[in-house]
Amino acid sequence: MLKRTVTCGELRAKDKDREVVLSGWVASWRDHGGVIFIDLRDISGLTQIVFGREKSGLDKGKEEELIKQAQKLRNEFVIAVKGVVSARPEGTENKKIDTGDIEVIVTEMELLNKCRELPFDFKKMDEVGEETRLKYRYLEMRVGKLKDNLVFKHKLFQVTRNYFSGKGFYEIETPFLTRATPEGARDYLVPSRVNPGKFYALPQSPQLFKQMLMVGGFMRYFQIVKCFRDEDLRQDRQPEFTQLDLEMSFIDEADIKAVLEEYVCSVFDKLMGVKVSRPFPSLSYDQAMLRYGTDKPDLRIPAEITDISDLALSCGFKVFSDAAGKGVVRGLKISDADRISLSVINEVTKEVQQLGAKGLAWIRHKEEGLTSQITKFFKPEELEELSRRFKTIKGDLLFFVADSADTVSKCLSFLRTRFYEPRKDKYALLWVEDYPLFEKDAETGRWSPMHHPFTSPAPGDIEALRSGKDEDIARVKSRAYDMVLNGSEIGGGSIRNHSLEVQDLVFRILGIDEKESREKFGFLLKALSYGAPPHGGFAFGMDRLVAQLLNLESIREVIPFPKTQKAYSPITDAPSAVDRKQLDELFIKVDVPEDLT
RNA sequence: GGGGUGGUAGUUCAGUUUGGUUAGAACGCUGGCCUGUCAAGCCAGAGGUCGCGAGUUCGAGUCUCGUCCACCCCGCCA
């Protein structure tokens with residue numbers, strides 16, 4: 001085999017007259033009869049190679065033989081060629097590629113492999129549907145943007161490892177075959193052959209292990225690691241995804257935030273060439289929900305939500321006053337809204353109805369003041385007050401939703417992103433903090449942890465925790481914090497309970513009694529009782545981080561072999577049925593109802 | 001579990017509103033021509049389970065019902 005001496009992306013004018021060997025894929029071939037041009041591609045770039053030039057110095061017979069060989073080449077055939085680097089004739093240089101000043105005159109060629117007809121046109125990769133791309137992922141990554149995304153992810157991993165190693169963090173692995181936990185997402189289960197009837201679970205995160213590493217004295221730990229959650233998929237959710245997981249001892253929120261901000265700044269600096277100023281802005285959970293209707297607001301969008309429940313309660317518009325009695329009435333101002341026609345408003349009304357709203361009220365600020373079908377229900381001074389609250393000017397459009405706080409937030413948050421296209425070259429980072437420690441489960445009416453059950457309550461709220469009364473529990477804040485980038489939750493973490501007493505208190509409120517907690521989490525509780533240091537940590541969703549940095553819609557674009565929405569792998573055809581023999585060995589009987597097969 | 005959008009040639013799409021001759025286009029593919037192209041060009045050709053299944057009809061890519069798949073969203077995601 002001809003052995004490559006250079007890559008396809010590196011030759012320049014200064015390499016003129018060098019004899020080189022290139023290998024790669026035929027990216028494009030242009031057969032002119034007597035002369036054939038081929039763009040040879042490898043991961044580093046393209047080089048034009050030429051067959052049938054006198055410069056090759058071959059005798060006529062050999063030249064004809066070579067041309068004949070080259071004529072049989074097709075797209076994506078794999079070849080190696082020996083040849084001489086030559087400056088392109090004047091006027092035929094190609095400015096579009098880095099190697100465009102030169103070409104390689106071929107003297108010898110070896111066909112290393114053929115390629116069957118391609119499932120799509122490599123030159124129009126951007127237009128190919130995702131289903132086809134996923135099925136032939138190895139072809140897409142040969143040429144498409146996917147390659148660049150994966151290279152970028154590699155660089156992020158490198159920056160990450162360098163940064164944390166440099167700060168005294170130890171990279172330590174934790175098990176994939178671990179214990180099923182009752183809380184949180186559904187587990188992926190793995191049967192144990194040598195323990196009939198028993199199952200491991202794949203970790204939803206290394207949470208418990210990293211806490212035990214802290215008890216073990218490591219003080220600073222990090223890991224770039226896969227996590228597994230068996231929940232329904234979204235554009236930013238895959239059943240297996242990659243986290244940067246970390247944990248620190250003898251620290252508080254300020255220490256962790258400082259390290260994370262410095263890390264994120266170095267990522268932006270090294271990979272994006274963007275300087276990010278510190279400290280990052282911070283919002284409390286309550287403020288975020290009130291002003292943006294979500295705990296992961298995109299701060300590139302200027303519009304903010306305004307509460308008018310007090311005004312609505314006493315106004316003449318029954319829809320508002322009724323709703324304000326039971327829930328809230330809030331509004332969102334869209335500036336420069338003459339572009340938004342009535343038919344668009346009707347369309348948007350349907351959209352918010354699907355999110356649970358009963359309707360969508362609106363008022364325009366026109367030349368003559370606030371106008372709309374509902375303005376007749378308001379007294380002039382009430383309209384004036386509305387105008388004042390929202391600081392309206394001509395061209396503004398106010399949307400109102402009157403419902404429970406949850407529904408109103410969901411709808412107005414949707415409207416914020418519906419009418420604003422954020423600037424792609426801007427990056428808005430922020431912290432969201434002061435989360436409630438618990439939330440009420442709508443179905444069971446029981447308390448469940450908003451973050452996870454090992455999150456520490458705010459020190460001032462421990463007494464409220466002890467009281468056990470619902471209204472006290474509801475206002476207990478946690479020591480959890482999320483980092484948000486452009487409306488995407490790229491990471492979250494918390495200070496953990498290192499005190500066994502507080503951890504037990506939390507379990508009681510979650511309805512987990514001593515017996516159950518010993519049974520399910522006994523190993524962690526035991527560890528905490530052996531001198532656990534105060535500790536806390538964080539986890540970044542690396543797929544989300546990369547997707548945000550590269551302005552991609554879906555994390556599938558940064559995962560080499562992703563699953564579809566039904567958690568199906570188009571490339572391996574997983575999941576699949578297995579042989580009876582395999583199941584027998586595991587003492588597993590499948591019992592799938594007929595309507596599901 | 002629920003709502004929405006889509007599925008026609010290898011690929012990307014048109015055709016479905018208003019049922020009617022042999023289902024088209026571009027790119028790709030195959031063969032031929034062509035000595036400076038680089039999304040090469042010219043000529044010729046092959047290529048279709050209109051996602052699948054029922055139904056309505058003289059007749060269905062087109063209408064109805066069911067179903068599968070993909071994507072977006074709600075629920076869910078400690």
Side-chain angles (χ1 to χ4, degrees), chain A residues 27-40 46-54 67 71 74-76 88-97 99-100 103 116-136 139 181-187 203-205 207-208 227-239 241 347 350-356 406-407 410-411 414 417-418 437-439 441-443 447-455 478 480 489 492 494 506 510 512 521 539 541 553-554 556 563-566 568 570 595:
Chain A
S28 159
W29 93 98
R30 299 173 290 278
D31 182 350
H32 287 244
V35 58
I36 300 174
F37 301 96
I38 281 175
D39 293 337
L40 195 65
L46 288 178
T47 298
Q48 173 164 282
I49 62 176
V50 189
F51 294 82
R53 294 283 74 182
E54 301 79 10
I67 290 253
Q71 263 165 346
R74 292 294 180 270
N75 282 328
E76 299 308 315
R88 293 202 189 184
E90 218 180 312
T92 65
E93 300 90 349
N94 185 351
K95 294 270 181 286
K96 286 187 226 159
I97 57 175
T99 60
E103 60 195 5
R116 62 198 281 190
E117 187 181 343
L118 297 165
F120 43 71
D121 188 350
F122 274 34
K123 295 191 177 79
K124 295 183 177 173
M125 204 65 239
D126 292 349
E127 296 168 20
V128 180
E130 193 175 8
E131 222 177 330
T132 316
R133 289 195 284 120
L134 291 188
K135 205 164 170 181
Y136 296 95
L139 294 180
T181 51
E183 302 278 339
R186 244 173 248 114
D187 286 316
Q204 297 173 24
S205 90
Q207 181 62 34
L208 301 174
C227 303
F228 307 87
R229 294 177 192 175
D230 184 6
E231 294 294 343
D232 288 351
L233 281 63
R234 288 283 191 285
Q235 59 178 346
D236 63 350
R237 274 165 32 190
Q238 282 275 308
F241 58 98
E347 202 176 299
K350 276 186 206 139
E351 287 163 6
V352 297
Q353 276 168 341
Q354 272 166 19
L355 295 177
D406 272 1
T407 301
K410 206 194 288 172
C411 293
F414 164 77
T417 54
R418 177 72 170 73
L437 187 59
F438 303 103
E439 60 188 342
D441 187 306
E443 278 171 40
W447 291 108
S448 65
M450 193 137 184
H451 187 57
H452 61 54
F454 314 106
T455 301
S478 75
E489 181 201 318
S494 65
V506 170
L510 294 174
I512 301 172
F521 303 110
E553 293 284 313
S554 166
R556 292 189 300 273
K563 308 274 190 291
T564 69
Q565 204 162 51
K566 285 203 67 182
Y568 167 78
D595 59 326

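Labels below follow one simple rule: chain letters A, B, ... track the order of the sequence lines, proteins then strands, and each chain is numbered from 1.
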* **Polar pair under 3.5 Å, donor/acceptor by atom type, side chain A/Arg237, base B/rC77** => yes
* Asked: Heavy atoms, side chains only, cut-off 4.5 Å: are A/Arg229 and A/Phe241 in contact?
  -> yes
* Side-chain touch A/Ser205/A/His452, heavy atoms, less than 4.5 angstrom -> no
* Asked: Can you find a side chain N or O atom of A/Arg116 that sits less than 4.0 Å from OP1 or OP2 on B/rU30?
  -> no
* For A/His32 and B/rG36, is the gap between ring centres under 5.5 Å while the planes differ by less than 30°? -> no
* Asked: Is there a donor-acceptor pair closer than 3.5 Å between any side-chain N or O of A/Gln238 and the backbone N or O of A/Lys563?
  -> yes
* Structure fact -> Which of B/rU30, B/rC71, B/rG3 is nearest the side chain of A/Thr564? It is B/rC71
* **Pairwise C1' distance, B/rU37 and B/rG15 [rounded to whole Å]** => 37 Å
* Would you say the side chain of A/Arg88 and the base of B/rC38 hold a donor-acceptor pair, judged only by whether the two atoms sit under 3.5 Å apart? -> yes
* Asked: Could you state the CD1-C1' distance from A/Ile38 to B/rC38, rounded to the nearest angstrom?
  -> 12 Å
* Within the structure, does a side-chain N or O atom of A/Lys566 lie under 4.0 Å from either OP1 or OP2 of B/rC69? -> yes
* For B/rU37, which nucleotide is its Watson-Crick or G-U wobble mate, given both distances must be under 3.5 Å? -> none
* Side-chain heavy-atom pair A/Gln48, A/Asn94 within 4.5 angstrom cut-off -> no
* **Short side-chain N/O contact to B/rU37 OP1/OP2 from A/Gln48, under 4.0 Å** => no
* 4.5 Å side-chain heavy-atom contact, A/Arg133 and A/Pro570 -> no
* To do: For A/Leu134 and B/rG7, give me the distance from atom CG to atom C1', rounded to whole Å.
  => 16 Å
* Structure fact -> Quick note, A/Glu117 side chain, CB onward, closest among B/rG10, B/rA39, B/rG75 is B/rG10
* Is the closest side-chain heavy-atom distance between A/Phe120 and A/Leu139 below 4.5 Å? -> yes
* Does A/Arg30 place a side-chain N or O at less than 4.0 Å from the phosphate oxygens OP1/OP2 of B/rA40? -> yes
* Asked: With nearest nucleotides of RNA chain B determined for A/Leu233 and A/Gly184 from heavy-atom distances, which residue corresponds to the more 5′ nucleotide?
  -> A/Leu233
* Structure fact -> Result for 5'-nearest mapping on RNA chain B, choosing between A/Phe37 and A/Glu131, is A/Phe37
* Asked: Which nucleotide in the set B/rG36, B/rG4, B/rC72 lies at the smallest distance from any side-chain heavy atom of A/Ser554?
  -> B/rC72
* Identity of whatever pairs with B/rG45 - Watson-Crick or G-U, under 3.5 angstrom -> B/rC29
* Selected nucleotide, minimal atom distance to A/Trp29 side chain, candidates B/rC29, B/rC74, B/rA40 -> B/rC29
* Protein-nucleotide distance (A/Phe122, atom CZ; B/rG10, atom P), rounded to Å -> 18 Å
* Asked: So which nucleotide does B/rG6 pair with, by the Watson-Crick or G-U wobble rule with both distances under 3.5 Å?
  -> B/rC69
* Find the distance A/Phe51:CZ to B/rG36:P and express it as a whole number of Å. => 17 Å
* Asked: What is the distance, rounded to the nearest whole Å, between atom CG of A/Asn94 and atom C1' of B/rC38?
  -> 6 Å
* To do: Taking only the side-chain heavy atoms of A/Asp121 (C-beta and beyond), determine which of B/rU12, B/rG28, B/rC72 contains the nearest atom.
  => B/rG28
* **d(CG, A/Asn75; C1', B/rA40) in whole Å** => 13 Å
* Asked: Between B/rC72, B/rG75, B/rU11, which nucleotide has the shortest distance from any of its atoms to the side chain of A/Thr132?
  -> B/rU11
* To do: Could you please name the option among B/rC34, B/rC38, B/rC77 that lies closest to any side-chain atom of A/Asp31?
  => B/rC34
* How close or far is atom P of B/rC71 from atom CZ of A/Arg234, stated in whole angstroms? -> 12 Å
* Which nucleotide in the set B/rC38, B/rG36, B/rU30 lies at the smallest distance from any side-chain heavy atom of A/Glu103? -> B/rG36
* Asked: The side chain of A/Lys124 lies closest to which of these nucleotides: B/rA26, B/rU11, B/rA70?
  -> B/rA26
* Identify the residue among A/Lys123, A/Arg30, A/Lys96 that makes a salt bridge (charged side-chain N to carboxylate O under 4.0 Å, His left out) with A/Asp39. => A/Arg30
* So which nucleotide does B/rG55 pair with, by the Watson-Crick or G-U wobble rule with both distances under 3.5 Å? -> B/rC63
* To do: Round to a whole Å and report the spacing from CD of A/Gln565 to C1' of B/rC77.
  => 14 Å
* To do: Taking only the side-chain heavy atoms of A/Thr92 (C-beta and beyond), determine which of B/rC77, B/rG36, B/rC71 contains the nearest atom.
  => B/rG36
